[in-house]
2 protein chains.
Amino acid sequence: MLGHGGSEPRRTRIQAAKRASIVKAALEVFSEAGYSAATLERIAEAAGISKASLLYYFPGKEAVYVAVLEDTLAFWLEPLAALDPAGEPLEEIGRYVTTKLEMSRKRPAASRLFANEILAGAPAIGGFLKGPLKELVDKEAAVISGWIAEGRLAPVDPRHLIMMIWAVTQHYADFDPQVQAVLGREAAKRRFAAARETLLAVLLEGLRPRG
Amino acid sequence: MLGHGGSEPRRTRIQAAKRASIVKAALEVFSEAGYSAATLERIAEAAGISKASLLYYFPGKEAVYVAVLEDTLAFWLEPLAALDPAGEPLEEIGRYVTTKLEMSRKRPAASRLFANEILAGAPAIGGFLKGPLKELVDKEAAVISGWIAEGRLAPVDPRHLIMMIWAVTQHYADFDPQVQAVLGREAAKRRFAAARETLLAVLLEGLRPRG
DNA sequence: AGAAAACTTGACTAAATGGTCAAATTGCAG
DNA sequence: CTGCAATTTGACCATTTAGTCAAGTTTTCT
């Protein structure tokens with residue numbers, strides 16, 4: 001569809017740049033509206049082109065959506081793979097929580113994109129969840145299990161612990177309107193600082209190996 | 001539109017029953033598809049009537065949606081108001097977590113309905129969040145603050161603690177496809193039991209007053 | 001029974017929206 | 001400059017879907 005054999009000349013780079021700008025615009029629209037409420041018209045407008053032009057670069061709405069998901073997936077998983085078995089468990093987990101929370105603050109659209117997709121039954125990334133994601137979680141769960149076996153962490157189900165961390169960190173991006181309503185006038189920065197302190201206090205104390 | 005002055009005869013009861021059955025059907029559809037992907041046709045079909053008949057009972061799609069939200073709101077908040085200031089803090093919080101988790105298991109559609117609504121920016125319940133919900137949270141936060149002041153609970157931000165509990169419990173309903181993918185072949189009952197054990201272990205240990 | 005009110009629904013309309021297409025424009029290689 | 005390929009887009013088409021309506025059917029009341 002795109003490839004012409006051989007040396008991949010300028011054109012390709014232009015196309016890639018254009019597609020990237022469409023994907024960027026589409027991330028905003030899909031994450032705010034969800035798949036069905038998002039319109040190609042809005043995405044095209046956000047990207048500064050016409051709808052017909054957008055459809056010159058992508059075969060259809062679903063293709064744009066998949067491209068956005070793919071573009072965001074790798075980035076979103078990155079921190080999970082960062083647990084170092086040789087490190088101090090509470091420190092590693094604390095760093096993981098902080099990183100994930102930071103991502104919720106800096107890239108809320110990415111978080112909401114996945115929230116929408118999974119809420120809708122994960123029609124587009126179901127395979128990814130059962131494959132690569134599960135494998136990654138299994139691997140990290142093994143690291144946590146190792147720490148528990150060494151007595152360096154309280155004995156809890158590693159997979160549920162991982163999901164617990166996902167839940168509390170992503171909550172701040174996904175359910176922002178509720179968070180804002182409940183916290184009232186607190187400044188945004190203070191909000192994330194307070195969240196970090198609370199999460200770390202409860203999680204790290206709760207996971208400290210029992211004497 | 002509906003009211004005829006005076007003694008509210010049989011008709012009203014029939015109407016109420018019909019509206020209730022529509023609301024019940026609509027909860028399923030809205031919670032699975034979100035507002036825009038849900039169609040009146042599907043809701044009517046789920047309620048066993050024609051679309052035109054549905055529109056005889058409700059003036060439009062949005063009215064059905066609002067009715068579903070109102071019908072679900074009170075029920076969903078119930079457990080929050082159950083924190084007893086006179087009780088043992090860790091016990092009260094443990095009971096709250098268990099209740100909320102139980103609701104996620106028994107009424108996942110209700111949880112997903114709110115998740116969708118808030119993800120979409122809470123267009124329909126924004127006022128509720130900033131009003132009644134915030135007040136309820138403030139009240140419960142005061143109870144928690146009291147416990148902390150008495151040294152019966154570790155010092156954490158009460159509002160963030162409440163949101164932390166919401167996040168981890170609702171996660172199991174809202175992001176079920178991801179939970180299923182990550183946990184693999186575990187049976188559903190075992191899944192919730194394991195979740196409860198992990199959440200209670202971490203939260204209660206993490207909130208125990210520091211010696 | 002008979003009239004009136006409540007209810008039901010098939011058929012329709014209007015608007016939104018994903019996708020197509022042919023004609024115009026732009027960029028570039030020879 | 002010339003011509004070809006890539007790009008852009010306005011106009012258009014087809015489908016979906018919220019909402020209307022008139023013509024029925026059922027229920028209730030006297």
Side-chain angles (χ1 to χ4, degrees), chain A residues 1-23 25-26 28-30 32-69 116 120 123-124, chain B residues 1-23 25-26 28-30 32-69 116 120 123-124:
Chain A
M1 213 170 289
L2 281 180
H4 18 148
S7 58
E8 301 292 329
R10 224 164 326 179
R11 278 292 172 210
T12 307
R13 231 176 291 162
I14 292 178
Q15 282 232 359
K18 205 84 188 221
R19 281 177 61 107
S21 91
I22 292 171
V23 164
E28 295 306 316
V29 176
F30 280 127
E32 271 172 34
Y35 182 79
S36 33
T39 71
L40 291 181
E41 186 71 46
R42 267 189 68 193
I43 295 172
E45 190 188 347
I49 60 180
S50 69
K51 187 180 66 165
S53 195
L54 188 159
L55 285 164
Y56 172 75
Y57 289 98
F58 289 91
K61 184 181 184 181
E62 199 178 315
V64 179
Y65 182 63
V66 169
V68 173
L69 283 173
N116 266 308
Chain B
M1 217 170 288
L2 281 179
H4 14 152
S7 59
E8 301 292 330
R10 226 162 324 178
R11 279 290 174 213
T12 307
R13 232 176 291 162
I14 292 178
Q15 282 231 359
K18 205 85 187 221
R19 281 177 61 106
S21 92
I22 291 170
V23 164
E28 294 307 316
V29 177
F30 279 128
E32 270 172 35
Y35 181 78
S36 33
T39 71
L40 291 181
E41 186 71 46
R42 267 190 68 193
I43 295 173
E45 191 188 347
I49 59 179
S50 69
K51 187 180 65 164
S53 196
L54 189 159
L55 286 164
Y56 173 75
Y57 288 98
F58 289 92
K61 184 181 184 180
E62 201 178 315
V64 180
Y65 183 63
V66 169
V68 173
L69 283 173
N116 266 309

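Here is how names work: the chains are called A, B, and so on, in the same order as the sequence lines, proteins then strands, and each is numbered from 1.
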- Between dG19(C), dT9(C), dG19(D), which nucleotide has the shortest distance from any of its atoms to the side chain of Ser50(B)? dT9(C)

- Message: Go nucleotide by nucleotide along DNA chain C from the 5' end; which of Ala38(A) and Ala52(A) gets its closest nucleotide reached first?
- Response: Ala38(A)

- Tell me what Ala37(A) touches on the nucleic acid: a base, only sugar-phosphate, or nothing, going by heavy atoms under 4.0 Å. nothing

- Can you figure out which of dT9(C), dG10(D), dT8(D) approaches the side chain of Tyr56(A) most closely? dT8(D)

- Message: Could you measure the distance from the OH atom of Tyr57(A) to the CD1 atom of Ile49(A)? Nearest 0.5 Å is fine.
- Response: 7.5 Å

- Message: Between P on dT17(D) and CG on Leu54(B), what's the gap in Å once rounded to a whole number?
- Response: 15 Å

- Task: May I ask you to test the Phe30(A)-Ile43(A) pair for a side-chain heavy-atom distance under 4.5 Å?
- Result: yes

- Task: Nearest 0.5 Å please: distance from the OG atom of Ser50(A) over to the OH atom of Tyr56(A).
- Result: 12.5 Å

- Report yes if a donor N or O on one partner sits less than 3.5 Å from an acceptor N or O on the other, where the partners are the side chain of Lys61(B) and the base of dG19(D); otherwise report no. no

- Task: Among dA18(D), dT9(C), dT9(D), find the nucleotide with the atom closest to the side chain of Thr39(B).
- Result: dA18(D)

- Task: Supply the atom-to-atom distance Leu54(B) CG to Glu45(B) CD, rounded to the nearest 0.5 angstrom.
- Result: 12.0 Å

- Message: Rounded to whole Å, please give me the gap between CG in Leu55(A) and P in dC13(D).
- Response: 18 Å

- Side chain of Tyr57(B) - closest among dT8(C), dT9(D), dG19(C): dT8(C)

- Task: For Lys51(B) and dA14(C), give me the distance from atom NZ to atom C1', rounded to whole Å.
- Result: 12 Å

- Atom NZ of Lys61(B) and atom OH of Tyr35(B): how far apart are they, to the nearest 0.5 Å? 5.0 Å

- Note on the structure: Out of dT9(C), dT20(D), dT9(D), minimum distance to the side chain of Ile49(A) belongs to dT9(D)

- Task: Starting from C1' on dG18(C), measure out to CZ on Phe58(A) and report it in whole angstrom.
- Result: 16 Å

- Remember a base hit wins even if backbone is also touched, and classify Leu40(B) as base, sugar-phosphate or nothing at under 4.0 Å, heavy atoms. sugar-phosphate

- Query: If you check every side-chain atom of Gln15(B), which of dT9(C), dT9(D), dC7(C) has the closest atom?
  - Reply: dC7(C)

- dT20(D) P sits how many Å from Glu41(B) CD, rounded? 16 Å

- Task: Could you tell me whether Lys18(A) contacts a base, only the sugar-phosphate backbone, or nothing, with contacts defined as non-hydrogen atoms closer than 4.0 Å?
- Result: sugar-phosphate

- Starting from P on dT17(C), measure out to CD on Glu62(A) and report it in whole angstrom. 18 Å

- Item | Euclidean distance, atom OH of residue Tyr35(B) to atom P of dA18(D) [Å, nearest integer] | 8 Å

